[in-house]
Amino acid sequence: MPELPEVETVRLGLLPALEGEVIKEVIVRRRDLRTPVPEDFEERVRDQKVLRLDRRSKYVLILLESGESIIIHLGMSGRIRIEEGNPPEPDKHDHIEFVTAGRKCIRFGDPRRFGFVDLIEAGGVDVYPAIAKLGPEPLSDEFDATLLIDKLKNKTTSMKAALMDQRIVAGLGNIYVNEALYRAGISPTRKAGKLTKPKAVKLVGVIKEVLVEAIKSGGSSLKDHRQTDGELGYFQHSFQVYGREGETCNMCGKTAIKRIVQQGRSTFYCSACQQ
DNA sequence: CGCTCCACCTGAACGC
DNA sequence: TGCGTTCAGGTGGAGC
């Protein structure tokens with residue numbers, strides 16, 4: 001499911017249920033996620049108070065009073081659902097469950113198991129391998145045209161591939177890269193190293209814009225993504241190119257949206273509006 | 001090192 | 001109804 005806006009939606013949903021709460025119970029039904037859940041995960045989390053919830057790129061970070069952090073990645077199909085009162089039976093893909101002192105039941109489910117849940121020792125977040133290699137947060141002030149141009153310098157790969165590379169900028173995935181390149185009027189096949197300054201300024205602006213809009217919409221629900229209360233996100237209704245092959249471009253009003261494959265992933269774009 | 005490809009895993013949609 | 005194929009929001013390791 002999840003690119004940055006979907007993960008941020010999940011974090012915002014978890015906030016009222018978890019922040020300042022004590023985790024009283026931890027149930028792990030399957031440990032063989034993308035990386036195995038640590039053997040001692042339950043005992044290190046049980047009875048811990050949650051001090052803070054953060055997000056870095058597509059990762060949710062739950063800081064515990066012990067100084068350790070739970071890190072959650074949703075992979076392609078991960079979901080987090082908060083149940084109140086009497087929770088229903090977990091389904092076959094509900095792998096991990098937390099119950100708070102406030103009797104909220106928080107379930108992590110992930111049919112494809114590309115996601116994971118792990119524990120980071122105190123002070124170790126920045127050196128955790130998946131986190132350490134990440135580029136800047138796209139919504140931070142640090143992410144600007146100068147930085148982007150610098151990161152793309154001498155790159156021979158395509159703009160599409162470059163923006164999908166989490167070391168260049170963190171948190172974008174296939175949907176939002178497609179949508180941002182469309183809004184910026186940049187061809188996904190253009191060589192990344194040749195991005196001009198004015199185009200970079202435009203691109204940085206629309207990346208921030210599309211992410212903020214998507215977060216406000218509760219993310220995009222194609223199939224798996226749900227908010228923590230089970231509601232769908234609705235940014236998919238605002239897609240201009242993603243999944244719209246053959247439909248007429250809204251900008252020029254005459255060209256059909258094309259679909260090509262880059263790096264094994266679908267790219268959608270308007271060949272007239274994106275140069 | 002830079003870049004591309006592929007595997008990882010399950011389920012849904014589609015064609016026959 | 002059923003079976004085979006294709007595709008899916010991500011990531012990281014292999015190989016060139």
Side-chain angles (χ1 to χ4, degrees), chain A residues 1-11 29-36 55-60 71-80 91-95 108-118 128-135 138 150-181 188-194 207 210-211 213-215 217-227 232-245 259-268:
Chain A
M1 101 194 199
E3 303 178 36
L4 186 153
E6 290 73 39
V7 177
E8 180 64 8
T9 297
V10 166
R11 187 188 74 88
R29 299 194 172 85
R30 258 196 103 136
R31 312 196 87 86
D32 57 336
L33 308 183
R34 184 185 177 111
T35 55
R55 179 191 54 72
R56 175 78 170 99
S57 186
K58 305 170 191 173
Y59 302 87
V60 174
I71 180 168
I72 302 177
H73 191 267
L74 298 167
M76 289 280 261
S77 58
R79 204 187 270 192
I80 292 178
D91 83 29
K92 65 187 283 204
H93 299 301
D94 285 340
H95 307 310
F108 168 84
D110 182 9
R112 295 175 75 178
R113 286 182 285 123
F114 286 179
F116 66 83
V117 176
D118 197 5
Y128 188 80
I131 300 280
K133 60 183 87 160
L134 293 173
D150 186 57
K151 288 254 185 193
L152 295 179
K153 198 166 45 187
N154 299 326
K155 290 236 168 286
T156 58
T157 194
S158 66
M159 279 304 304
K160 168 76 187 299
L163 293 183
M164 293 288 283
D165 184 340
Q166 303 297 299
R167 295 166 302 182
I168 308 262
V169 55
L172 299 179
N174 206 28
I175 291 176
Y176 298 104
V177 167
N178 273 286
E179 295 296 321
L181 286 171
T189 60
R190 199 154 106 176
K191 294 260 173 279
K194 293 212 209 142
I207 286 172
V210 74
L211 293 176
E213 287 175 26
I215 291 167
S217 302
S220 301
S221 289
L222 291 184
K223 44 194 308 223
D224 294 301
H225 172 62
R226 291 289 186 284
Q227 306 192 48
L232 297 169
Y234 52 93
F235 191 74
Q236 65 277 13
H237 303 303
S238 300
F239 292 171
Q240 294 297 299
V241 284
Y242 187 85
R244 298 191 54 181
E245 179 184 14
R259 174 184 177 272
I260 58 173
V261 175
Q262 295 178 285
Q263 273 69 41
R265 317 290 301 272
S266 289
T267 298
F268 302 90

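- For the residue pair A:Tyr176 and A:Ser220, a side-chain donor N or O sits within less than 3.5 Å of a side-chain acceptor on the partner.
- Between the CZ atom of A:Arg265 and the P atom of C:dG12 there is a distance of 13 Å, rounded to whole Å.
- Across all strands shown, A:Tyr242 has heavy atoms under 4.0 Å from sugar-phosphate atoms exclusively, and none from any base.
- Straight-line distance from the CD atom of A:Glu245 to the C1' atom of C:dC7: 13 Å, rounded to whole Å.
- The nucleotide whose nearest atom lies closest to any side-chain atom of A:Ser266 is, among C:dG10, C:dT11, C:dA8, C:dA8.
- Contact annotation: the side chain of A:Thr267 never approaches that of A:Val261 to less than 4.5 Å [non-hydrogen atoms, C-beta and beyond].
- Residues meeting the side chain to side chain contact (heavy atoms under 4.5 Å, CB included) test with A:Arg34, sequence neighbours left out: A:Phe116.
- Atoms CG (A:Leu222) and C1' (B:dA13) sit 14 Å apart, rounded to a whole Å.
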Distances for protein N/O vs nucleotides 2-5 of chain B N/O pairs under 3.5 angstrom?
{"from": "B:dC3", "atom 1": "OP1", "to": "A:Thr156", "atom 2": "N", "distance (Å)": "2.6"}
{"from": "B:dC3", "atom 1": "OP1", "to": "A:Thr156", "atom 2": "OG1", "distance (Å)": "2.9"}
{"from": "B:dC3", "atom 1": "OP1", "to": "A:Thr157", "atom 2": "N", "distance (Å)": "3.4"}
{"from": "B:dC3", "atom 1": "OP2", "to": "A:Lys155", "atom 2": "NZ", "distance (Å)": "3.2"}
{"from": "B:dT4", "atom 1": "OP2", "to": "A:Thr157", "atom 2": "OG1", "distance (Å)": "2.7"}
{"from": "B:dT4", "atom 1": "OP2", "to": "A:Gln263", "atom 2": "NE2", "distance (Å)": "3.0"}

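- In this structure, CD1 of A:Ile175 is placed 7 Å from P of C:dG10, rounded to the nearest angstrom.
- Phosphate proximity of C:dT11 to A:His73: present, with a side-chain N or O under 4.0 Å from OP1 or OP2.
- Taking atom CG on A:Asp224 and atom P on C:dA8, their separation rounds to 14 Å, with Å as the unit.
- Every residue meeting the side chain to side chain contact (heavy atoms under 4.5 Å, CB included) condition with A:Ser221, not counting sequence neighbours, appears here in chain and number order: A:His225, A:Leu232, A:Gln236.
- Residues passing the salt bridge (charged side-chain N to carboxylate O under 4.0 Å, His left out) test with A:Glu245: none are found, sequence neighbours excluded.
- Residues from residues 109-117 of chain A with heavy atoms under 4.0 angstrom of DNA chain B, sorted by number: A:Pro111, A:Arg112, A:Arg113, A:Phe114.
- Dashed line: the shortest gap from a side-chain N or O of A:Lys92 to OP1 or OP2 of B:dT10 is not under 4.0 Å.
- Taking A:Arg167 as the reference, A:Asp165 meet the salt bridge (charged side-chain N to carboxylate O under 4.0 Å, His left out) condition, with sequence neighbours excluded.
- Looking at heavy atoms from C-beta onward, A:Pro138 lies in side-chain contact with A:Leu4 at the 4.5 angstrom threshold.
- Separating the P atom of B:dC9 from that of C:dC3 is a span of 23 Å, rounded to the nearest Å.
- The salt bridge (charged side-chain N to carboxylate O under 4.0 Å, His left out) search around A:Lys153 returns A:Asp150, not counting sequence neighbours.
- Here, B:dG11 and C:dG12 have their C1' atoms 24 Å apart, quoted to the whole Å.
- When base pairs are accepted only as Watson-Crick or G-U wobble with both N-N or N-O distances under 3.5 Å, DNA chain C takes part in stems of 3 or more pairs at B:2-8 with C:10-16, B:10-16 with C:2-8.
- By the side chain to side chain contact (heavy atoms under 4.5 Å, CB included) test, A:Arg31 is found to be paired with A:Val28, A:Val37, A:Glu39, A:Phe41, A:Glu42, residues two or more places apart in sequence or in another chain being considered.
- A:Arg190 pairs by the salt bridge (charged side-chain N to carboxylate O under 4.0 Å, His left out) definition with nothing, not counting sequence neighbours.
- Here the C1' atom of nucleotide B:dT10 and the CZ atom of A:Arg79 are 13 Å apart, to the nearest Å.
- Under 4.0 angstrom from either OP1 or OP2 of B:dC9 there lies no side-chain N or O belonging to A:His93.
- For A:Leu4 and C:dG10, the CG to P distance is 11 Å, given to the nearest whole Å.
- One atom, CG of A:Asp32, and another, P of B:dT10, lie 9 Å apart when rounded to the nearest Å.
- Not a single ring pair (Phe, Tyr, Trp, His ring centres under 6.0 Å) links A:Phe114 to another residue, sequence neighbours left out.
- Partners of A:His95 under the side chain to side chain contact (heavy atoms under 4.5 Å, CB included) rule, at least two apart in sequence or in another chain, are A:Arg30, A:Leu33, A:His93, A:Phe108, A:Asp110, A:Arg113.
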